Amino acid sequence: MEKSLVLIKPDAVRKNIIGKIIGMYEENDLKVIALKMEKITEELASKHYEEHIGKVFYKPLIDFITSGPLCALILEGENAIKKVRDINGSTDPKEAMIGTIRNLYADSNRENCVHASDSTESAKREISLWFGKEYL
Ligand code: ADP
Ligand code: MG
């Protein structure tokens with residue numbers, strides 16, 4: 001069993017599709033083991049996205065991710081990290097496979113509805129950051 005940290009980003013919350021997105025994970029045998037909704041601070045946003053500091057899209061990304069409430073979840077299941085990223089689809093919705101969350105619902109390569117951990121190391125870091133080490 002593996003765990004992944006997922007964010008349902010503010011654009012998806014505004015679109016009223018939290019339930020549709022969680023349903024897609026659940027249909028694929030991923031279990032929600034932690035869940036919270038929050039409008040996050042710039043401090044948490046900058047820790048979450050520290051790998052992107054200095055990139056051209058960094059500042060607008062921070063503005064976007066702090067623009068309204070989001071949902072943070074921990075999903076658990078077999079191969080959860082890869083599975084969740086497959087369900088999410090490519091970062092840019094124009095490149096996302098048909099039927100993925102980003103293909104179905106995302107507006108742009110910034111406002112792309114979801115985040116998911118990309119490795120076991122980032123899952124550990126992100127779960128600790130959002131929920132605490134006791135959730136690892
Ligand atoms: P992913 O979320 O698919 O792991 P990245 O880690 O590369 O993608 O980027 C983090 C987030 O930053 C993306 O989900 C998206 O919201 C934003 N982003 C990435 N690349 C761009 C870009 N070229 N222009 C605008 N926003 C971007
Ligand atoms: Mg990423």
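No experiment lies behind these values; they were computed from the predicted model shown. Only heavy atoms go into these numbers, but all of them, side chains included; no hydrogens, no water, no symmetry mates. Order of appearance sets the numbers: ligands from 1, and atoms from 1 within every ligand.
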Ligand-side contact atoms (ligand 1) for residue partner Arg102, heavy atom cut-off under 4.0 Å: 1 (P), 2 (O), 3 (O), 14 (O)
Ligand-side contact atoms (ligand 1) for residue partner Asn112, heavy atom cut-off under 4.0 Å: 13 (C), 14 (O), 15 (C), 16 (O)
Lys124 NZ: over 12 foreign heavy atoms closer than 6.0 Å: no
same_hphob_cluster(Ile8, Leu30) at 4.5 Å side-chain heavy-atom cutoff: yes
Contact with ligand 1 for Asn109, non-hydrogen, under 4.0 angstrom: yes
Aromatic Phe64 / basic Lys9 pairing, under 6.0 angstrom, 45° off normal: no
Residue portion contacting ligand 1 (non-hydrogen atoms closer than 4.0 Å) for Asn88: neither
Which of the ligand 1 atoms, numbered from 1, are nearer than 4.0 Å to a heavy atom of Arg85: 3 (O), 4 (O)
Option nearest atom 14 (O) of ligand 1 (shortest heavy-atom distance, choices Arg110, Lys55, His115, Lys9): Lys9
Residue pair Ile40 / Trp130, side-chain heavy-atom distance below 4.5 Å: yes
Ligand-residue contact atoms, ligand 1 with His52, heavy atoms, under 4.0 Å: 5 (P), 6 (O), 7 (O), 9 (O), 10 (C)
Residue-ligand contact His48/ligand 1, heavy atom below 4.0 Å: no
